[in-house]
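Have a look at the structure below before the remarks.
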Amino acid sequence: MSLPSLPANFGAENFKASAKYSAPVRRPVEPVGRYFLAHASRALRGHTWSEYEK
Amino acid sequence: MVYIGISFGNTTSSIAAPSKDGSIEVIANPDGERAIPSALAYIGDDEYHGGQALAHLIRNPQNTIINFRDFLGESYEKVDPTLTEKSAKAQDLNGSVGFEVSIGEDKEALKLTAQEITVRHLKNLKAAAEDYLGKSVEGTVIAIPTNFTDAQKKELNSAASEAGLKVVQFISEPSAALLAHTSVDDKLITDKTYVVADFGGVRSDAAVISVRGGILTVLATAHDYELGGDKLDDALSEYIAKEFEKKYKVDPRKTARSLAKLKDAAILARKTLSNVSTATISIESLAEGIDFHSSINRLRYELTARNVLNQMTDFVEAVVKKANLDVLDIDEVLLVGGVSNTPKLASNIEAVFPESTAVIAPSTDSKATYPEELVARGASIQASLLENFDDEEIAESQSPVIINTQHLTKAIGLVGAEGEFITVLKQESTYPIRKTLTLNSPKGDVLLTIVEGEATVKETTLEPEAPEDDDEYSDEEPEVIKEKLYIPGKKLAELAVRDVTTDTLDVVFNITKEGTLSVSAREPRQGSVPFKGEVSHD
Ligand SMILES: Nc1ncnc2c1ncn2[C@@H]1O[C@H](COP(=O)(O)OP(=O)(O)OP(=O)(O)O)[C@@H](O)[C@H]1O
Ligand SMILES: [Mg+2]
């Protein structure tokens, strides 16, 4: 998959926000599996992504 | 410290634990059973368990206890007494559901609540595991249906601890099954939407589960207490009874014992027909001392069982609708439970899903794990993961603040050079989440358009092949293949990445716990400067 080139008339700004993303829904996730446990320990022990990825 | 995984069904139970090489193993009891019947029988002073107990159903049904799991934590008025009409009958024991069995003529009858039977059952499972592992087992992860009530969990928990097993965690059966299925080749890292359909002996359960970033979310569940292997047994028993009647002019449905023999023969034939195309049926003294010997082929069985098998397929379709999804949204259907060994069940289900949906069952996928073992395996996987956590952490990990998370209602991604939608985060992705991808890029200044994805259905018509003979009329309908595709929808932001000198860009989408989406892109080389921006939600 490839990205397109920047159109010539884009302007000097690097980032243009135009809309917010659609409202999310809150749902319970299943407390199982290693990715969930990594999520839980990041949240509980305040670990960051990079610490977890080490 | 040894933790085992337990699948505790109304019909069978299984135990699993990591073997020496770390792979998960389903443990057989001393009789060699891996799907251990959830049954206890009392004959005189002796207690029998598993298949040995089940063997008493024909001669001693009133002292054989089966189908007790769903009675845990329920009152007698609430349960279906027909579940025990061919075995020790469920009754009210001081507000709980229980059974009364004779342990000898001159002795007082033994009264056991469902909870007490469960203690005895779990003790037997624990002993089988310890016998095999040669170590004492302390803890367990037990899989339970998604609709088990708090009262049911409480009774099961206390039964386990009376049996000497600490329940480290209860996990839901479909999630356990999915963990086991995805543990092979770490399939969990691929975002997919699954239907987990579990066809047991007395009930059928199904769940739609999305996996995003390795995390599982249950989108819908369904339960049917009137659908399961027992219904297939009824259909096949009736078929055998008719054959017998035709031949001998004797009705073999008149006594409990001959009905039990019919069911026994039906189960055996069904299981045989899952593997081979004919099964012999052989019943000694079915009625009035007459033996019955016959055989049945798979096709005949499938006709006999057609209604029940069709209901099972409908049940799977219904849970997809309940999740507000289309069959096109389902990547895989994982078939679980003993009945899922039935080839016709799997092929019927394949027929209602598009070709792009994989149906996982022994008859459709030679690498599939035995469907009756998936739940115990998954429970054991979770149990071994939890060995690294202490009780407090395990409890905290299940607290509402951790498990109630936000899920995207639309996919988010980028617009590619051809105007196509490049999915980065699928709908139902749960955050916090971080996703990294590498995309091809032109040199110079590059545009990242961040958009939501809009679903469209693409229909491709495959014309039937032209008949070879010109005169021959082809009645083949053109086949229409439907596919769900995403196209760019609402534009969220545009990000310019300037003076790119490499052929690719590393792109990171990150959504924080608070819901801020940040997108950054940089050249994949040391010291490159990221270009980035942030988007929030409605
Ligand atoms: N090889 C097989 N082919 C067909 N049916 C099978 C096979 N093995 C087991 N079964 C059937 O599967 C059913 C038991 O399924 P399972 O072991 O998943 O039960 P369970 O989880 O205890 O179910 P429930 O709680 O609904 O009773 C029985 O009806 C049994 O006859
Ligand atoms: Mg089950």
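By convention in this document, chain letters (A, B, ...) are assigned in the order of the sequence lines, proteins followed by strands, and residues within each chain are numbered from 1. The figures that follow rest on heavy atoms only: side chains count, while hydrogens, waters and symmetry mates do not.
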Which bit of [X] is near chain A, if near means a heavy-atom gap under 4.5 Å: side chain, backbone, both or neither?
X	answer
L179(B)	side chain
I412(B)	side chain
S397(B)	both
K491(B)	both
V415(B)	backbone
L219(B)	side chain
L437(B)	neither
K513(B)	neither
E452(B)	side chain

Derivation and outcome, side-chain contact (heavy atoms from CB on, under 4.5 Å), residues R34(A) and I381(B): CA-CA 9 Å; R34(A) 63 190 184 92; I381(B) 290 171; over 6 Å; no
Donor-acceptor under 3.5 Å ([X] side chain, [Y] main chain):
X	Y	result
Y21(A)	K490(B)	no
R26(A)	Q406(B)	no
Q382(B)	G33(A)	yes
Q169(B)	P31(A)	yes

Closest non-hydrogen atom pair between T217(B) and P28(A), with its separation: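 Shortest heavy-atom separation between T217(B) and P28(A) comes out as CG2-O, 3.7 Å.
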Region of A8(A) in contact with chain B, defined by heavy-atom distances below 4.5 Å: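 No part of A8(A) comes within 4.5 Å of chain B.
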Interface moiety of F10(A) toward chain B, non-hydrogen atoms closer than 4.5 Å: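 For F10(A), side-chain heavy atoms alone lie under 4.5 Å from chain B.
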Just verifying a value: how many Å separate [X] [atom1] and [Y] [atom2], rounded to the nearest 0.5 Å?
X	Y	atom1	atom2	value
D445(B)	S5(A)	CG	OG	8.0 Å
Y35(A)	T182(B)	OH	OG1	9.0 Å
I403(B)	H39(A)	CD1	NE2	9.0 Å
S518(B)	F15(A)	OG	CZ	9.5 Å
S41(A)	N388(B)	OG	CG	10.0 Å
E418(B)	M1(A)	CD	CE	12.0 Å

Which one, [options], leads in non-hydrogen pairs under 4.5 Å with chain A?
options	value
V519(B), L408(B), T409(B)	T409(B)
I171(B), I189(B), D186(B)	D186(B)
A176(B), G416(B), A417(B), S210(B)	A417(B)
E393(B), Q398(B), R212(B)	E393(B)
G214(B), G419(B), A496(B)	A496(B)
L492(B), L439(B), V446(B)	L492(B)

Side chains of H537(B) and P24(A) in contact at under 4.5 Å (non-hydrogen atoms): yes
Contact check, side chains of L216(B) and V29(A), non-hydrogen atoms, under 4.5 Å: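 The answer is no, as the side chains (C-beta and beyond) never meet within the 4.5 Å cut-off.
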Can you confirm whether the side chains of [X] and [Y] place a donor and an acceptor under 3.5 Å from each other?
X	Y	value
N14(A)	R498(B)	yes
E494(B)	S18(A)	no
S172(B)	E30(A)	yes

E514(B) atom CD, neighbour heavy-atom count above 12 within 6.0 Å: yes
Pair L448(B)-L3(A), side-chain contact (heavy atoms from CB on, under 4.5 Å): steps then yes or no: CA-CA 7 Å; L448(B) 270 68; L3(A) 291 164; 3.8 Å; yes
